[in-house]
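Step one of this worksheet: look at the structure below.
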Amino acid sequence: VQLQACGGGLVQAGGSLRLSCAASGASFGNYPMGWYRQAPGKQRELVAIIVAGGSTNYADSVKGRFTISRDSAKNTVYLQMNSLKSEDTAVYYCYIGKGWGYWGKGTLVTVSS
């Protein structure tokens with residue numbers, strides 16, 4: 001199983017980025033998919049998660065700014081990030097909640113103020 005995340009980069013505060021994470025090696029259509037992030041010196045935290053039925057959950061800090069979606073046929077999860085703030089700077093990891101869980105390698109998002 002491999003998770004390939006992409007879409008990170010450098011953006012100014014107030015800007016937008018869209019992350020995507022494609023999973024290969026198995027089918028994950030029936031499992032939760034999500035995004036976590038880890039800022040320098042901080043613990044990894046949940047950003048957003050989406051279950052197979054489409055229900056979502058967000059960290060309070062990103063509600064109203066980030067939107068998670070998935071294409072189960074493509075084994076892909078997306079994170080649309082709008083109105084980015086400097087505190088959103090972190091390495092973002094995609095996650096699939098099957099078994100012990102699968103993690104992507106992370107993609108760096110840097111928001112300049």
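Keep in mind the model is a prediction, meaning the values are calculated, not measured.
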Please answer whether the main-chain N or O of [Y] pairs with a side-chain N or O of [X] as donor and acceptor at a distance below 3.5 Å.
| X | Y | answer |
| --- | --- | --- |
| S61 | A59 | no |
| T107 | G8 | yes |
| R65 | S83 | yes |
| N75 | A26 | yes |

Open item on the list: Checking R37 against V62 for the side-chain contact (heavy atoms from CB on, under 4.5 Å) test, could you report, in this order, the C-alpha distance in whole Å, the side-chain angles of both residues, the deciding distance, and whether it holds?
Closed with: CA-CA 12 Å; R37 68 185 180 187; V62 307; 4.0 Å; yes
Inter-residue atom distance [X].[atom1] - [Y].[atom2], 0.5 Å rounding:
| X | Y | atom1 | atom2 | value |
| --- | --- | --- | --- | --- |
| K105 | Q2 | NZ | CD | 7.5 Å |
| K98 | N30 | NZ | CG | 9.0 Å |
| Y58 | L79 | OH | CG | 7.5 Å |
| S69 | I50 | OG | CD1 | 6.5 Å |
| T56 | I49 | OG1 | CD1 | 10.5 Å |

- [ ] State whether D88 and K85 are salt-bridged, where the test is any N-O pair (Lys NZ or Arg NE/NH1/NH2 against Asp/Glu carboxylate O) under 4.0 Å.
- [x] no
TODO: Please report the C-alpha distance between F66 and L84 in whole Å, then the side-chain angles of each, then the deciding distance to 0.1 Å, and finally whether the side-chain contact (heavy atoms from CB on, under 4.5 Å) criterion is met.
DONE: CA-CA 9 Å; F66 291 11; L84 283 160; 3.8 Å; yes
Quick check: closest heavy atoms across [X] and [Y], and the distance to 0.1 Å?
| X | Y | value |
| --- | --- | --- |
| R70 | F28 | NH2-O, 3.0 Å |
| L19 | Y92 | CD1-CB, 3.6 Å |
| D60 | K63 | OD1-NZ, 3.1 Å |
| Q38 | K42 | NE2-O, 3.1 Å |
| S113 | A13 | CA-CB, 4.2 Å |
| L108 | V91 | CD1-CG2, 3.9 Å |

Task: Derivation and outcome, side-chain contact (heavy atoms from CB on, under 4.5 Å), residues I96 and L3 - done: CA-CA 9 Å; I96 296 177; L3 277 67; 4.0 Å; yes
Open item on the list: Can you classify the ring geometry of Y36 versus Y95 as parallel (below 30°), tilted (30 to 60°) or perpendicular (above 60°)?
Closed with: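 Y36 and Y95: perpendicular rings.
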Task: Parallel, tilted or perpendicular: ring planes of Y93 versus W103, cut at 30 and 60 degrees - done: perpendicular
TODO: Show your reasoning for whether disulfide bond (SG atoms under 2.5 Å apart) applies to C94 and C21.
DONE: CA-CA 6 Å; C94 57; C21 178; 2.0 Å; yes
Task: Between S16 and N82: side-chain donor-acceptor atoms closer than 3.5 Å - done: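 The criterion, which ignores hydrogens and geometry beyond distance, is satisfied for N82 and S16.
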- [ ] Let me see the working for R18 and Y78 under side-chain contact (heavy atoms from CB on, under 4.5 Å), right down to the final yes or no.
- [x] CA-CA 7 Å; R18 187 187 192 217; Y78 306 95; 3.4 Å; yes
Task: Listed once per pair and sorted, the disulfide bond (SG atoms under 2.5 Å apart) pairs that draw on residues 41-74, sequence neighbours left out - done: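 Found none.
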Task: Flag if over 12 foreign heavy atoms under 6.0 Å of CD, E45 - done: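 Yes, the 6.0 Å shell around CD holds more than 12 heavy atoms from other groups.
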Open item on the list: Does atom CD (E87) have a neighbourhood of more than 12 heavy atoms from anything else shown, all under 6.0 Å?
Closed with: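 Check passes, neighbour count above 12.
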Task: Validation row: T89, V109 side chains within 4.5 angstrom (heavy atoms) - done: no
Open item on the list: Taking the side chain as everything from C-beta on, heavy atoms only, tell me whether S112 gets closer than 4.5 Å to L10.
Closed with: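 Touching, per the 4.5 Å side-chain cut-off.
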- [ ] Find out if a path of hydrophobic residues (ILVMFWY) with successive side-chain heavy-atom gaps under 4.5 Å connects M33 to V51.
- [x]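 In one cluster: no.
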